[in-house]
Amino acid sequence: MVIYYLDFFLLCSVLALASSASLRNLPILSFDEGYSQLFGDENLMLLKDGKSVHLSLNERTGSGFVSQDLYLHGFFSASIKLPADYTAGVVVAFYMSNGDMFEKNHDELDFEFLGNIRGKDWRIQTNVYGNGSTSIGREERYGLWFDPSEDFHQYSILWAENQIIFYIDNVPIREIKRTKAMGGEFPAKPMSLYATIWDGSNWATNGGRYKVNYKYAPYIAEFSDLVLHGCAVDPIEPSSSKCEKVPNSQTTIPTGITREQRIRMESFRKKHLQYSYCYDKIRYDAPPAECVLDPQQAERLRGFDPVTFGGGRHRHSRRHHHRSRSEATSI
């Protein structure tokens with residue numbers, strides 16, 4: 001088993017070096033150039049370099065920041081180091097949303113990091129909402145091949161007109177293609193970029209069984225290498241017409257998944273995917289129309305959780321949590 005994971009780690013490390021060269025030229029903005037504090041007062045600390053930020057959670061409040069501009073498509077990235085030790089109930093989020101502008105039909109692209117009890121690993125979750133489609137959760141959840149609290153790792157979102165890709169350390173872990181089956185539920189309106197840390201005790205760890213324990217506070221999430229590389233739009237006239245001509249500088253961002261990247265993505269998903277809405281037989285009697293099922297993945301997930309993915313009779317209402325900006329700022 002150790003060799004199995006080492007092989008995957010080495011494959012990712014070697015191939016990531018080749019692909020990361022194309023990302024080194026992307027501009028890394030100082031915090032004041034691209035972001036504003038969202039909430040948290042002194043729980044947001046800007047480091048002396050002006051490009052690194054610490055977000056902390058304590059008994060009083062969490063914290064967060066937001067991009068100064070709205071974007072329609074682009075590449076968005078941050079290097080993040082998560083809190084260590086007992087982190088049950090803690091949620092760190094790196095995501096795009098327009099919920100403040102479109103309350104009833106908002107779009108959203110999420111990285112959510114879910115804390116855990118001592119000795120258990122952080123879990124990472126991705127999610128996609130389009131045009132207010134919160135009744136259809138498109139979550140996926142993964143384990144990781146490293147400890148995200150020991151060092152910084154890069155988490156990135158590529159959002160194009162017909163494709164969304166989530167990356168970890170330049171390894172694509174999830175691809176969403178715009179299909180007719182999704183209809184208007186593919187994110188298509190300008191969004192801001194957010195980063196937050198907050199108390200998700202009611203759902204984040206074992207469905208709320210384990211809560212945040214503030215004797216371990218403050219919980220600190222560290223952010224650096226902040227990349228906002230997309231088409232900024234006017235919030236008063238968020239028309240896509242200004243984004244049709246892509247500047248030459250944007251040719252350096254990823255524009256799809258290469259053959260080598262697809263091999264890495266398939267390897268990652270085979271080893272580390274722990275939950276996918278497409279295979280959840282408790283939640284959906286039939287998979288949502290956009291899902292393309294892999295029989296081998298279905299079998300592996302059944303072994304991981306035979307009730308959720310095997311369609312057993314222990315049917316119950318799976319609690320579907322949607323984290324909103326208002327929820328985070330109300331801490």
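Both backbone and side-chain heavy atoms feed into the values below; hydrogens, waters and symmetry mates do not.
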Heavy-atom side-chain proximity of [X] to [Y] below 4.5 angstrom:
X: Lys189; Y: Asn131; result: yes
X: Leu109; Y: Pro187; result: yes
X: Thr87; Y: Tyr219; result: yes
X: Tyr275; Y: Thr308; result: yes
X: Leu46; Y: Asp32; result: yes
X: Leu47; Y: His54; result: yes
X: Ile124; Y: Leu144; result: yes
X: Glu222; Y: Ile80; result: no

Identify whether the distance between the nearest side-chain nitrogen and carboxylate oxygen of [X] and [Y] falls below 4.0 Å.
X: Lys180; Y: Glu290; result: no
X: Glu150; Y: Lys81; result: no
X: Arg269; Y: Glu266; result: no
X: Glu139; Y: Arg283; result: yes

Between [X] and [Y] (side chain of the first, backbone of the second, donor and acceptor by atom type, cut-off under 3.5 Å), is there such a pair?
X: Asn98; Y: Pro190; value: yes
X: Thr196; Y: Gly64; value: no
X: Asp169; Y: Val171; value: no
X: Asp110; Y: Glu112; value: no
X: Thr205; Y: Gly89; value: yes
X: Gln68; Y: Tyr35; value: yes
X: Asp69; Y: Ala232; value: no
X: Asp49; Y: Lys51; value: yes
X: Arg174; Y: Ile164; value: no

I need the [X] [atom1] to [Y] [atom2] distance, nearest 0.5 Å.
X: Asp234; Y: Leu70; atom1: CG; atom2: CG; value: 9.0 Å
X: Ile176; Y: Glu140; atom1: CD1; atom2: CD; value: 7.0 Å
X: Phe166; Y: Ser156; atom1: CZ; atom2: OG; value: 11.0 Å
X: Leu55; Y: Leu38; atom1: CG; atom2: CG; value: 10.0 Å
X: Glu175; Y: Gln163; atom1: CD; atom2: CD; value: 4.5 Å
X: Ile173; Y: Ile168; atom1: CD1; atom2: CD1; value: 4.0 Å

Worksheet item: How far apart are the C-alpha atoms of Ser201 and Tyr210, what are their side-chain angles, what is the distance that settles it, and do they pass the side-chain hydrogen bond (donor to acceptor under 3.5 Å, both in side chains) test?
Response: CA-CA 7 Å; Ser201 289; Tyr210 299 103; over 6 Å; no
Kindly give the heavy-atom pair with the smallest separation between [X] and [Y], and that separation in Å.
X: Ala188; Y: Arg178; answer: CB-NH2, 4.1 Å
X: Pro83; Y: Val92; answer: CD-CG2, 4.4 Å
X: Phe31; Y: Gln37; answer: CZ-N, 4.1 Å
X: Leu193; Y: Leu228; answer: CD2-CD2, 3.5 Å
X: Ala78; Y: Leu226; answer: CB-CD2, 3.7 Å
X: Gly208; Y: Lys211; answer: O-NZ, 2.8 Å

Worksheet item: Checking side-chain hydrogen bond (donor to acceptor under 3.5 Å, both in side chains) for the pair Gln125/Arg141: CA distance, chi angles, key distance, verdict?
Response: CA-CA 4 Å; Gln125 178 168 290; Arg141 198 172 300 126; 2.8 Å; yes
Practice prompt. For Tyr216, enumerate each residue passing the ring pair (Phe, Tyr, Trp, His ring centres under 6.0 Å) test, keeping only those at least two apart in sequence or located in another chain.
Written response: Tyr86
Discussion item. Can you list everything that forms a ring pair (Phe, Tyr, Trp, His ring centres under 6.0 Å) with Tyr155? Sequence neighbours excluded, please.
Written reply: Phe111, Phe113
Practice prompt. Applying ring pair (Phe, Tyr, Trp, His ring centres under 6.0 Å), run through Trp159 and Phe75 and close with a yes or a no.
Written response: CA-CA 6 Å; Trp159 174 35; Phe75 184 81; over 10 Å; no
Worksheet item: Under the 6.0 Å and 45° cation-pi test, does Lys281 pair with Phe309?
Response: no
Fill in: No-hydrogen, no-angle side-chain donor-acceptor test under 3.5 Å, His106 and Glu108
yes
Worksheet item: Do the side-chain N and O atoms of Asp199 and Tyr214 include a donor-acceptor pair separated by under 3.5 angstrom?
Response: yes
Worksheet entry | Worked check of side-chain hydrogen bond (donor to acceptor under 3.5 Å, both in side chains) between Asp147 and Ser149 | CA-CA 5 Å; Asp147 182 347; Ser149 68; 2.7 Å; yes
Discussion item. Centre-to-centre under 6.0 Å for Phe94 and Phe76, is that the case here?
Written reply: no
Fill in: Residue of the set Ser79, Ser52, Ser77 for which side-chain hydrogen bond (donor to acceptor under 3.5 Å, both in side chains) holds with Asp225
Ser79
Discussion item. With a 6.0 Å cut-off (strictly less than), is the heavy-atom count around CD of Glu42, excluding the residue itself, greater than 12?
Written reply: yes
Practice prompt. Flag yes if more than 12 heavy atoms outside Arg118 fall under 6.0 Å of its CZ atom; otherwise flag no.
Written response: yes
Practice prompt. Describe, in one word, how the ring planes of Tyr95 and Tyr194 are oriented to each other, choosing from parallel (under 30°), tilted (30 to 60°) and perpendicular (over 60°).
Written response: parallel
Worksheet item: Which word best sums up how the rings of His153 and Phe146 line up, parallel for under 30°, tilted for 30 to 60°, or perpendicular for over 60°?
Response: parallel
Item to complete: Could you please spell out the steps behind the side-chain contact (heavy atoms from CB on, under 4.5 Å) verdict for Met265 and Ile257?
Response: CA-CA 9 Å; Met265 182 171 71; Ile257 297 180; 3.9 Å; yes
Discussion item. Determine whether Asn170 and Gln154 satisfy the following criterion, side-chain contact (heavy atoms from CB on, under 4.5 Å), listing intermediate values before the conclusion.
Written reply: CA-CA 7 Å; Asn170 299 317; Gln154 185 184 37; 3.0 Å; yes
Worksheet entry | Trp122-Phe152 co-clustered via ILVMFWY side chain contacts under 4.5 Å | no
